[in-house]
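Throughout, protein chains are lettered first and strands after them, A, B, ... in sequence-line order, and every chain is numbered starting at 1.
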Number of protein chains: 2
Amino acid sequence: MSDNERLRDLAENLALILAQGGMQKATARVMTSLLFSRQETMTAADLCEELQISSGAVSGAVKQLAQSGLLERVPAPGSRRDHYRFPDGAWARLMSQQNQLLSTMSEVAEQGLAAADGPSTPAGRRLAEMGDFYAFMLRELPPLIARWRTDFTAKREVRVWRG
Amino acid sequence: MSDNERLRDLAENLALILAQGGMQKATARVMTSLLFSRQETMTAADLCEELQISSGAVSGAVKQLAQSGLLERVPAPGSRRDHYRFPDGAWARLMSQQNQLLSTMSEVAEQGLAAADGPSTPAGRRLAEMGDFYAFMLRELPPLIARWRTDFTAKREVRVWRG
DNA sequence: CAGAGTATTCAAAGTTCTCTGAAACTTACA
DNA sequence: TGTAAGTTTCAGAGAACTTTGAATACTCTG
């Protein structure tokens with residue numbers, strides 16, 4: 001199997017995993033195509049051809065991905081077509097967006113605790129644990145992600161110096 | 001609105017959020033019922049009545065939840081019915097299970113990097129970043145969760161002494 | 001070991017979601 | 001401003017997933 005075939009295989013495989021995790025199939029395939037593509041950017045037509053899906057499906061996938069920051073439009077002078085790419089830092093951004101959910105979980109738990117007459121009732125015990133856990137994660141995760149960003153940026157610069 | 005109604009409302013609301021995030025509706029509702037219930041445990045019949053769903057749906061939901069550690073069967077002497085409860089430490093366990101996914105992401109990125117002729121190609125750059133990010137998270141998340149467990153266990157013990 | 005009370009399985013029905021293909025819309029250039 | 005290239009929208013077909021309800025299997029208890 002050539003390296004190109006291997007890349008395509010890995011892309012389709014990862015798309016499958018993401019689809020099982022709730023992402024739309026076409027959306028997942030567009031995302032992994034961009035991620036594993038040898039090209040810097042891909043056009044909608046490229047994606048249609050590579051994935052054998054309609055332009056409508058590509059349009060929908062692009063919309064969703066752009067909203068969650070997993071795809072960016074690249075200005076392409078001299079081309080009428082939109083060019084898309086998988087943005088640098090997307091993974092970190094994706095995980096940061098999870099904070100939204102953590103925050104919701106934490107709030108719901110607090111409200112529940114208030115309605116449950118404190119942490120000594122069964123419901124109160126469960127909700128207190130839930131609230132504590134999500135508050136903890138909400139406190140700890142953002143600095144962790146920030147630390148990765150710093151580390152990785154430093155590493156990348158070393159690579160660039162070395163050329 | 002009474003506190004009981006508020007609890008039920010919060011439960012249904014959270015179930016809706018989880019369902020939007022890909023969890024099956026019946027499964028999410030069973031989970032949040034157990035989480036917000038004033039009782040220590042609930043039976044299948046309790047769940048059927050509270051949620052107005054069939055026993056088949058409850059059975060399916062119980063199966064799924066038990067597999068992911070979000071529900072546990074409680075031995076109930078003197079009752080023929082199974083009793084279910086939301087287990088202590090479930091949230092931490094749930095997050096730990098995400099490590100499986102982190103691990104997969106990290107591996108796929110490595111394999112992709114190998115097929116992409118190193119980090120100086122466009123695909124290589126993207127996959128190197130992805131691999132680095134997930135390897136980092138895989139290294140940092142488990143100790144973080146362990147730390148929460150320790151902290152929370154200590155806190156709970158303080159509550160018990162005082163209680 | 002018989003029988004009542006529960007839990008689980010499974011086919012069928014219902015529901016929701018996704019993709020396609022065509023039409024409408026937008027944009028860039030002559 | 002007209003035209004051609006490209007993108008987005010949307011209704012409808014089809015696929016995939018959920019739930020139900022009845023039949024089956026299980027498990028205590030007398």
Side-chain angles (χ1 to χ4, degrees), chain A residues 11-12 14-34 37 39 41-68 70-86, chain B residues 11-12 14-34 37 39 41-68 70-86:
Chain A
E12 286 293 347
L14 182 57
L16 212 61
I17 291 171
L18 295 173
Q20 282 168 352
M23 188 181 284
Q24 246 173 259
K25 201 172 146 198
T27 304
R29 293 181 76 208
V30 165
M31 177 185 143
T32 58
S33 274
L34 290 170
S37 169
Q39 300 166 232
T41 66
M42 293 178 83
T43 65
D46 290 340
L47 289 163
C48 285
E49 194 192 324
E50 164 121 10
L51 301 175
Q52 294 293 317
I53 58 180
S54 71
S55 59
V58 169
S59 176
V62 163
K63 197 174 177 181
Q64 281 194 249
L65 289 170
Q67 274 176 346
S68 26
L70 290 168
L71 172 151
E72 99 197 320
R73 291 181 150 76
V74 180
S79 165
R80 213 172 279 186
R81 300 181 171 183
D82 283 359
H83 287 236
Y84 307 116
R85 93 173 139 211
F86 188 87
Chain B
E12 286 293 342
L14 182 57
L16 211 62
I17 292 171
L18 295 173
Q20 282 168 352
M23 190 182 283
Q24 242 172 265
K25 203 173 146 195
T27 304
R29 293 182 75 209
V30 165
M31 176 185 144
T32 58
S33 275
L34 289 170
S37 169
Q39 301 165 232
T41 66
M42 294 178 83
T43 65
D46 290 341
L47 290 162
C48 285
E49 195 192 323
E50 164 121 8
L51 302 174
Q52 294 292 318
I53 58 179
S54 71
S55 59
V58 170
S59 176
V62 162
K63 196 174 177 180
Q64 281 194 249
L65 290 171
Q67 274 176 347
S68 27
L70 290 168
L71 172 151
E72 105 199 311
R73 292 181 149 76
V74 180
S79 165
R80 214 175 276 185
R81 300 180 173 185
D82 281 1
H83 287 236
Y84 307 116
R85 93 173 141 210
F86 188 88

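Taking only side-chain atoms of Arg80(A), from C-beta outward, the nucleotide of dT20(C), dT8(C), dA28(C) with the closest atom is dA28(C).
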* **Gln64(A)/Val30(A) under side chain to side chain contact (heavy atoms under 4.5 Å, CB included): CA gap, chis, key distance, verdict** => CA-CA 11 Å; Gln64(A) 281 194 249; Val30(A) 165; over 6 Å; no
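Between Leu51(B) and Glu12(B) the shortest side-chain heavy-atom distance falls below 4.5 Å. Side-chain contact check for Val62(A) versus Arg73(A): some heavy-atom pair is nearer than 4.5 Å.
In terms of heavy-atom proximity, Met23(B) sits nearest to Ala28(B) at SD-CA, 3.5 Å. Residues Tyr84(A) and Leu34(A) come closest through the heavy atom pair O-CD2, 3.6 Å.
In this structure, Ala57(B) reaches the bases: a heavy-atom distance under 4.0 Å links it to at least one base atom across the strands shown. At the heavy-atom level, Ala45(A) lies nowhere under 4.0 Å from the strands shown. Across all strands shown, Thr43(B) has no heavy atoms under 4.0 Å from either base or sugar-phosphate atoms.
In this structure, CG of Leu47(A) is placed 16 Å from C1' of dC19(C), rounded to the nearest angstrom. Rounded to whole Å, the distance from CD on Gln24(B) to P on dT16(C) is 14 Å. Atom CZ in Arg29(A) sits roughly 15 Å away from atom P in dT18(C) (whole-Å rounding). Taking atom CG of residue Leu65(B) and atom P of nucleotide dT8(C), one finds them 13 Å apart after rounding to whole Å. To the nearest angstrom, C1' of dA7(C) lies 17 Å from CE of Met42(B).
No more than 12 heavy atoms of other residues, nucleotides or ligands shown are found within 6.0 angstrom of CD on Glu49(B).
For DNA chain D, the contact window with chain A, defined by any atom under 4.0 Å from a protein heavy atom, covers dA4(D) to dT9(D) in 5' to 3' order.
Comparing Lys63(B) and Lys25(A), the nucleotide of DNA chain C nearest to each residue sits closer to the 5' end for Lys63(B).
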